[in-house]
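A short write-up of the structure that comes next.
These numbers were taken from a predicted model, which means no experiment stands behind them. Residues: numbered from 1 along the sequence shown.
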Amino acid sequence: GRGFAFRRKQKIERQYRKLLKKRRQVHSPQDDQFTDTYPEHLKHLYLAEEEKLKKRRRTPDGSVSSKEKLNKAADGCGVCGSVCLMIISVSRTYTFSSRPVVTQEKVKNKTSNQKAKEEYEKIKAERARKKEEAEKRKQQREEAQRLYKQKKMEAYKILSKKTKKGQPNLNLQVEFLLQKIQQNT
């Protein structure tokens with residue numbers, strides 16, 4: 001659908017068209033109204049973007065690109081350079097058919113969302129591994145308890161047998177102790 005990002009893109013496109021229209025007309029001192037509209041704590045981001053764009057001004061073959069010409073035109077328009085560069089950089093990443101153009105830099109560097117997904121997958125795999133190990137330990141413990149109870153029950157049956165008169169059967173108890181001694185040695 002057309003969410004907030006689409007509306008933001010349209011707003012920036014409108015601002016860019018306005019700037020182009022103003023540039024064709026008389027340059028008035030009112031153009032300076034865009035200089036201080038951004039908060040102070042975000043200024044370093046716009047300056048960094050401007051530096052990045054300056055580094056990319058020349059194409060690998062050394063010729064001046066059409067983007068460079070557009071940047072030069074934006075620099076000379078009398079409006080704050082960072083605003084124009086920001087608008088130009090937005091117009092580069094978004095074509096007007098509302099499809100983003102994937103640059104090589106975006107393919108190389110992972111976005112925070114991709115990093116978060118990878119981190120989530122690692123955590124998920126770690127949890128699954130720990131859960132599997134806990135399940136194995138639980139099964140081993142249950143098996144050991146079952147064997148222990150079975151041996152104890154057999155011993156109880158042998159030791160609790162009585163004679164016809166209700167006395168404990170000492171022959172069976174002695175045989176049980178003999179078997180236990182023979183198993184230990």
Side-chain angles (χ1 to χ4, degrees), residues 1-15 37-56 60 67 82-83 85-185:
R2 294 183 172 194
F4 69 93
F6 181 77
R7 286 193 297 271
R8 186 187 306 156
K9 185 185 106 183
Q10 282 188 328
K11 181 181 175 186
I12 291 171
E13 287 172 4
R14 257 185 264 120
Q15 287 176 346
T37 56
Y38 294 104
E40 189 65 35
H41 67 282
L42 294 178
K43 238 176 208 176
H44 68 282
L45 295 174
Y46 295 112
L47 293 173
E49 181 69 20
E50 187 175 359
E51 287 298 317
K52 193 189 296 184
L53 290 173
K54 281 181 184 177
K55 287 178 184 175
R56 285 197 223 157
K67 291 177 184 178
S82 62
V83 174
L85 290 174
M86 189 230 13
I87 291 171
I88 289 167
S89 67
V90 169
S91 66
R92 283 184 196 156
T93 55
Y94 292 106
T95 60
F96 292 107
S97 63
S98 74
R99 282 187 300 153
V101 176
V102 179
T103 61
Q104 239 179 354
E105 186 177 299
K106 286 191 178 183
V107 173
K108 288 179 186 174
N109 297 335
K110 294 178 182 175
T111 62
S112 59
N113 189 26
Q114 289 171 333
K115 288 178 186 175
K117 279 184 181 178
E118 284 183 1
E119 189 67 29
Y120 171 73
E121 291 299 325
K122 285 180 187 176
I123 292 170
K124 194 174 177 183
E126 183 69 20
R127 283 181 185 164
R129 186 182 60 79
K130 284 183 180 178
K131 192 174 184 182
E132 198 173 292
E133 288 176 2
E135 189 67 32
K136 281 183 183 178
R137 283 196 306 268
K138 185 179 177 185
Q139 286 176 352
Q140 289 174 350
R141 189 170 57 245
E142 287 175 352
E143 181 67 21
Q145 284 178 346
R146 190 183 59 78
L147 288 173
Y148 173 75
K149 284 181 181 180
Q150 185 180 357
K151 284 183 180 179
K152 197 166 185 179
M153 187 59 106
E154 288 173 1
Y156 176 75
K157 283 181 182 176
I158 292 172
L159 295 174
S160 65
K161 287 208 175 177
K162 307 283 184 193
T163 60
K164 289 181 181 177
K165 293 183 180 178
Q167 298 297 316
N169 194 339
L170 293 178
N171 285 339
L172 290 176
Q173 288 181 7
V174 171
E175 282 179 25
F176 176 74
L177 289 173
L178 180 64
Q179 284 177 357
K180 211 174 192 183
I181 293 169
Q182 285 174 348
Q183 283 177 357
N184 289 342
T185 59

- One should read off an interatomic distance between L177 CG and L172 CG, to the nearest 0.5 angstrom, of 11.0 Å

- Item | Nearest heavy atoms of K110 and K115, plus distance in Å | O-CE, 3.6 Å

- Message: For a quick test of reading the model, state the closest non-hydrogen atom pair linking T163 to N169 and the distance between them.
- Response: CG2-CA, 4.3 Å

- Query: Who are the side-chain hydrogen bond (donor to acceptor under 3.5 Å, both in side chains) partners of Q183, not counting sequence neighbours?
  - Reply: none

- Only counting residues at least two apart or in another chain, list the ones meeting side-chain hydrogen bond (donor to acceptor under 3.5 Å, both in side chains) with R146. E143

- Show your working on salt bridge (Lys or Arg N to Asp or Glu O under 4.0 Å) between E126 and R129 and close with a plain yes or no. CA-CA 5 Å; E126 183 69 20; R129 186 182 60 79; 2.3 Å; yes

- Message: Taking side-chain hydrogen bond (donor to acceptor under 3.5 Å, both in side chains) as the definition, give me every residue that meets it alongside E132, ordered by chain and number, with sequence neighbours left out.
- Response: none

- In Å and rounded to the nearest 0.5 Å, what is the NZ to OG1 distance from K117 to T111? 8.0 Å

- Supply the atom-to-atom distance E13 CD to K9 NZ, rounded to the nearest 0.5 angstrom. 5.0 Å

- Query: Quick one: are K152 and Y156 in side-chain contact, heavy atoms under 4.5 Å?
  - Reply: no

- Message: I need the E118 CD to N113 CG distance, nearest 0.5 Å.
- Response: 10.5 Å

- dist K131:NZ -> K124:NZ (nearest 0.5 Å) comes out at 11.5 Å

- Message: Quick check for you: to the nearest 0.5 Å, what is the distance between Y120 atom OH and R127 atom CZ?
- Response: 7.5 Å

- Message: Heavy-atom count check: over 12 atoms from other residues, nucleotides or ligands less than 6.0 Å from K162 NZ?
- Response: yes

